[in-house]
Amino acid sequence: MAAAGFLVTLAIFLALSSSFCYAYDVDPLQDFCVAVADNLAAVFVNGKICKNPEQVTPDDFLASGFNIPGNTNNSLGFAVNMADANRIPGLNTLGLTVLRVDFAPNGVVPPHTHPRSTEIIVLLEGTLYAGFVTSNPRDNTKNRLFAKILKPGDVFVFPIGLVHFQRNVGNTKAMGIVAFNSQNPGVITIANSVFGTEPLISPEVLTKSFQLDKKVIDYLQSRF
């Protein structure tokens, strides 16, 4: 009986372990799975429903406009032009999203995470200060910051799930191409997720967590 119990436990462990060995997006089972528009889908699935391969055209694998600068006239001074499975249906199931990001001088992508993807940026114009912060150390020391000043031609990686940011520290505009190893990387902006929820997180939680006066918390919540 003990041996049988051990074998059952081992089987469960191996089953759970194997689930962590997959890539962050499941590998496709055919050459392509061109996405059907969400408003045409009859059911919800983890990804998108495939179009009939006989109806697929070259346009399903194409997006244009990455040569056009984004409008950075906003409070943060950056703009994103994304090519994902919604825009390029042929990306469905291929585990890839690409975007162009433009920065005005002093423009910033605020601290955020991508829960389902690693991010990589290739800087083509300007000068960026970019970095990420490690998860909480077990020994209660401080989280480590890994950051660099990026110049055109530099490539920098932000590991999956870690808080990261970019800021244009040059006097001119900056532009880079970003890639994610997921067709739906997700994004959690730290400030919005803490101070801008619906409904709001209890101020008592935030005053204790951040060691701040309630008036400060009220002000921050009003901003987001």
Side-chain angles (χ1 to χ4, degrees), residues 63-88 91 96-135 142-198 200-201 206 209-210 212 215-224:
S64 301
F66 261 43
N67 59 316
I68 301 172
N71 181 7
T72 58
N73 185 23
N74 54 65
S75 60
L76 294 174
F78 83 97
V80 167
N81 185 356
M82 180 178 293
D84 60 4
N86 293 307
R87 185 170 174 185
I88 306 178
L91 278 176
L96 181 66
T97 297
V98 181
L99 59 84
R100 168 180 171 146
V101 56
D102 289 276
F103 297 83
N106 296 314
V108 61
V109 176
H112 64 285
T113 73
H114 301 290
R116 293 180 289 275
S117 180
T118 291
E119 174 181 344
I120 188 169
I121 184 170
V122 182
L123 188 65
L124 299 180
E125 297 179 28
T127 306
L128 285 186
Y129 171 56
F132 64 87
V133 178
T134 61
S135 55
K142 292 185 176 181
N143 304 65
R144 292 186 64 189
L145 170 66
F146 290 84
K148 293 288 291 185
I149 299 295
L150 306 183
K151 301 289 186 180
D154 288 344
V155 181
F156 196 78
V157 175
F158 307 96
I160 182 173
L162 297 186
V163 176
H164 59 283
F165 59 87
Q166 300 101 24
R167 177 174 177 264
N168 183 359
V169 293
N171 296 319
T172 62
K173 67 180 181 179
M175 186 271 287
I177 300 296
V178 171
F180 301 97
N181 62 334
S182 172
Q183 77 176 58
N184 184 19
V187 60
I188 303 171
T189 304
I190 304 305
N192 295 45
S193 65
V194 173
F195 300 111
T197 59
E198 179 61 44
L200 293 174
I201 297 175
L206 299 180
S209 300
F210 289 95
L212 293 173
K215 291 182 179 179
V216 177
I217 297 298
D218 290 341
Y219 170 76
L220 290 172
Q221 290 183 323
S222 72
R223 297 290 295 172
F224 294 94

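Note that these values count all heavy atoms, side chains included, but never hydrogens, waters or copies made by symmetry.
Applying the side chain to side chain contact (heavy atoms under 4.5 Å, CB included) criterion to L124, with sequence neighbours excluded, gives V122, M175, I177. Legend: residues meeting side chain to side chain contact (heavy atoms under 4.5 Å, CB included) with N143, ordered by chain and number and at least two apart, are V133, T134, N136, P137. Judged as a salt bridge (Lys or Arg N to Asp or Glu O under 4.0 Å), and not counting sequence neighbours, R167 has no contacts.
The shortest distance between side-chain heavy atoms of E119 and V157 does not fall below 4.5 Å. Counting only heavy atoms from C-beta outward, the side chains of V109 and F165 never approach each other to under 4.5 Å. In this structure, the side chains of L91 and Q183 stay at 4.5 Å or more apart for every pair of heavy atoms. By the 4.5 Å heavy-atom criterion applied to side chains, F224 and S193 are not counted as neighbours. With a 4.5 Å cut-off on side-chain heavy atoms, D102 and K173 do not count as touching. Considering only heavy atoms from C-beta on, P105 stays 4.5 Å or farther from N171 through its side chain. A 4.5 Å side-chain heavy-atom check between F146 and L162 finds every atom pair outside the cut-off.
Rounded to the nearest 0.5 Å, atoms CG (N192) and NE2 (H112) are 11.5 Å apart. For the atom pair CG of L206 and CD of Q221, the computed distance is 5.5 Å after rounding to the nearest 0.5 Å. Atom CZ of F180 and atom NE2 of H114 lie 4.0 Å apart (nearest 0.5 Å).
Without hydrogens or angle criteria, R87 side chain to S64 main chain gives a donor-acceptor distance under 3.5 Å. Judged by distance alone, the side chain of T113 and the main-chain N or O of G161 form no donor-acceptor pair under 3.5 Å. A donor-acceptor contact shorter than 3.5 Å is absent between the side chain of N168 and the backbone of G107. Using a distance-only test at 3.5 Å, with no hydrogens or angles considered, a donor-acceptor pair links the side chain of N81 to the main chain of G65. Remark: the backbone N or O of N184 is paired with a side-chain donor or acceptor of S182 at under 3.5 angstrom.
A tilted orientation is assigned to the rings of F195 and F210, their planes being inclined by 30° to 60°. Between F132 and F158, the two ring planes are perpendicular [angle over 60°; tilted spans 30° to 60°].
Surrounding OH of Y219 are at most 12 heavy atoms belonging to other residues, nucleotides or ligands under 6.0 Å away.
The one candidate from L128, L123, V80 that meets the side-chain contact (heavy atoms from CB on, under 4.5 Å) condition with V101 is V80.
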